[in-house]
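Lettering of chains follows the sequences in order, A, B, ..., and the numbering in each one begins at 1.
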Amino acid sequence: MKMKLKYFSAPYLVWMIVFILVPLLMIGYFALTTDSGSFTLKHVSDVGQYANIFVRSIWLSLIATAICLVVAYPVAFMLSRMEKHRQGTMLMIVMLPMWMNFLLRTYAWMTLLGNNGIINHLLGTIGLGPVKMINTSGAVVLGMVYNYLPFMILPLYSVMVKIDKSMFEAASDLGCSSAETLWRVVIPLSMPGITSGITMVFVPAISTFIISRMLGGGSNLLIGDLIEMQFLGNAYNPHLGAAISLVLMVIILVIMTVMNQFDPDDQVLM
Amino acid sequence: MKKLGKIYLALVLLFLYVPIFVLIVFSFNESKSSSVFSGFTLDWYKRLFHNRIIISSLVNTMIIAVIASIVSTVLGTFAAIGINSMRKVPRAVVMNVTNMPIINPEIVTGVSLMLLFSFFAARMTLEFGFVTLLIAHITFDVPYVILNVMPKFNQMDPHLYEAAQDLGCSPFKAFRKVVLPEIMPGVVSGFLMAFTYSLDDFVISYFTTGSTSQTLPITIYSMTRRKVSPEINALSTLIFIAVVLVLIVKNGIQNRAFKRSGMGGN
């Protein structure tokens, strides 16, 4: 008897249901029930008390995403126009810091920006400062940009590398200036890279709690910190934590749906 | 214009690398200061190697990454084979759920697993620690394996497997002789991706570990929470060197494979 190939996936399907689907449903269940298991909307409405933290998270991660896009776009473009044999090496050099542990990269900025850190020390030798840099929202944005910049470069590069050189020649033959070529040829053709880059930076930025904790001090709480505090912190309250997670997921879903509108190929990730 | 571009690229690279190089330089600093270099020493490295917690969490990280990536590669490869031969609707449903851990923020995946494990911990003899960590790692690894293996089927004739069985192969033999060689490149890249994600993961591990089983990223986190210690700099330097070596070897292998397959030098 022939064994059908689709049964091969049975072990994974069990795993997927138990460890992906059920845990996500538990977030929904915890968000909408009390300790005794009866239905309530209290936790979801309690999330409203933290509106300022939500606004700060969205705002800071939008700024970081915008900076990443502006900084990464020329980098990705230059990479994609290099000679083929140099592209691989350059791409590796750009992506290499990504392979360092995320915590160590953030820690590096902690020591750089600190009140006794090297930047303030250098400023001191030329008679300036000390400037308070650590524990500000600017430091949080900087940390996000530093950590997630390669997430923006990679998808942009992989789309741009497919744009044929003759496109630019055709555009200039038809009378486009370089600015017009950028606006009417390069940007529309790299749109899938832009949208996936934005999601790949925005999602980790809005949900981080490491960057805000290490570089933002106690005064720059983000959604991630709020969730972490409900599960592992002093404010232990898994119901509220689940409700916040649920709202976070909805925000991300909305953002991704909006991004999809701009994307002709419907491929947000990867 | 070209020159301007080069300067810009150099500035971005400087931005990416200066923090890491500062860490490396100060790992050789005699004093604990992170701004004044007072003299060369290898003391922090010595201390690092004598730090039991770091060594044991490194071993732990390796064990978990190896087991999790092997299990998820097997699970994910079989899953991809099965999913590929599903009908359109169930296939779309399964793929959407599979994408969840990739699309969702890590903290949500971590918290959701923590809720599940607490549910079992309260009712059975499940303890937060090695087992929960391993399950969590397999869970976030498998989707990457599936996503790497799935595209390989597009290049494969779907009837080959059945043909092999018609010609007398057992289902297992048909799988081993016909399907596996075709999808092997995807399996390998899926395995490597799962392995690196496991090594590097902090957020999901943070929510699913107990006090008995620490991974290296978790140890690093608790070190950064305490006082600044140049031991972290020494550790960063070693990790940076390891990463550079791995990438050089990886590029070397890729280049050789390119040349051998006659696709021209790269």
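Distance CE/M114(B) to CD1/I107(B): 11.0 Å, rounded to 0.5 Å. Here the CZ atom belonging to F26(B) is positioned 13.5 Å from the OG atom belonging to S236(B), to the nearest 0.5 angstrom. A distance of 10.0 Å separates CD1 in I210(A) from CD in E106(B), rounded to the nearest 0.5 Å. Between D200(B) atom CG and T215(B) atom OG1 the span is 10.0 Å, to the nearest 0.5 Å.
Ranked by heavy-atom pairs under 4.5 Å with chain B, the first of N120(A), I93(A), V94(A) is I93(A). Per-residue counts of heavy-atom pairs under 4.5 Å with chain B were compared for F209(A), F102(A), Y29(A); the largest is that of F209(A). Comparing L96(A), I223(A), L112(A) by heavy-atom pairs within less than 4.5 Å of chain B, the highest count is held by L96(A). With respect to chain B, the highest number of heavy-atom pairs below 4.5 Å among V71(A), V22(A), I227(A), V203(A) belongs to V71(A).
Looking at P204(A), neither its backbone nor its side chain comes within 4.5 Å of chain B, counting heavy atoms on both sides. Using a 4.5 Å cut-off between heavy atoms, L253(A) makes no contact with chain B at all. For a residue to count as touching a neighbouring chain, one of its non-hydrogen atoms must lie under 4.5 Å from one of that chain's; by this rule I119(A) does not touch chain B. For chain B, the nearby parts of W99(A) are the backbone and the side chain; heavy atoms of each come within less than 4.5 Å. Heavy-atom distances place the backbone of N116(A), and not its side chain, under 4.5 Å from chain B. For chain B, the nearby part of M90(A) is the side chain; its heavy atoms alone come within less than 4.5 Å. Looking at I146(B), the atoms closer than 4.5 Å to chain A (heavy atoms on both sides) all sit in the side chain, from C-beta outward. Neither the backbone nor the side chain of F140(B) has a heavy atom closer than 4.5 Å to any heavy atom of chain A. Both the backbone and the side chain of T98(B) have a heavy atom closer than 4.5 Å to some heavy atom of chain A. Only the side chain of Y8(B) comes within less than 4.5 Å of a heavy atom in chain A; its backbone stays farther off. Heavy-atom distances place both the backbone and the side chain of L247(B) under 4.5 Å from chain A. Contact of F175(B) with chain A is made through the side chain alone, with heavy-atom distances under 4.5 Å. For chain A, the nearby part of V12(B) is the side chain; its heavy atoms alone come within less than 4.5 Å. Using a 4.5 Å cut-off between heavy atoms, L23(B) touches chain A through its side chain atoms alone. Both the backbone and the side chain of L75(B) come within contact range of chain A, judged by heavy atoms closer than 4.5 Å. Residue V243(B) touches chain A through its side chain alone, counting heavy-atom pairs closer than 4.5 Å. For I252(A), the part lying under 4.5 angstrom from a heavy atom of chain B is the side chain only. Proximity to chain A (any heavy atom under 4.5 Å) is restricted, for F202(B), to the side chain, taken from C-beta onward.
Scored by the side chain to side chain contact (heavy atoms under 4.5 Å, CB included) test, V97(B) finds M16(A), I20(A), L21(A) as partners (sequence neighbours excluded). Among residues two or more places apart in sequence or in another chain, the side-chain hydrogen bond (donor to acceptor under 3.5 Å, both in side chains) test is passed with R213(A) by D225(A), E228(A), Y221(B). By the side-chain hydrogen bond (donor to acceptor under 3.5 Å, both in side chains) test, Y146(A) is found to be paired with no residue, residues two or more places apart in sequence or in another chain being considered.
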For T106(A) and N147(A), what are the C-alpha separation, side-chain angles and deciding distance, and is it a side chain to side chain donor-acceptor pair (under 3.5 Å)? CA-CA 7 Å; T106(A) 313; N147(A) 276 304; 3.2 Å; yes
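Side-chain atoms of M160(A) and Y73(A), non-hydrogen and from C-beta on, do get closer than 4.5 Å to each other. Side chains of N84(B) and R91(B) form a contact here, defined as non-hydrogen atoms less than 4.5 Å apart.
At distances below 3.5 Å, not a single donor-acceptor pair connects side-chain atoms of N104(B) with backbone N or O atoms of V108(B). The backbone N or O of A68(B) lies less than 3.5 Å from no partner atom in the side chain of H137(B), so there is not a single donor-acceptor pair.
Under the 30°/60° scheme for interplanar angles, the aromatic rings of F19(A) and F117(B) are found to be tilted.
A side-chain donor from one of N29(B) and S38(B) sits under 3.5 Å from a side-chain acceptor of the other.
Below 4.5 Å, heavy atoms of chain B meet heavy atoms from S245(A), L248(A), M249(A), all part of residues 242-250 of chain A.
Both tests pass for R81(A) against the ring of F77(A): distance under 6.0 Å to the centre and angle within 45° of the axis.
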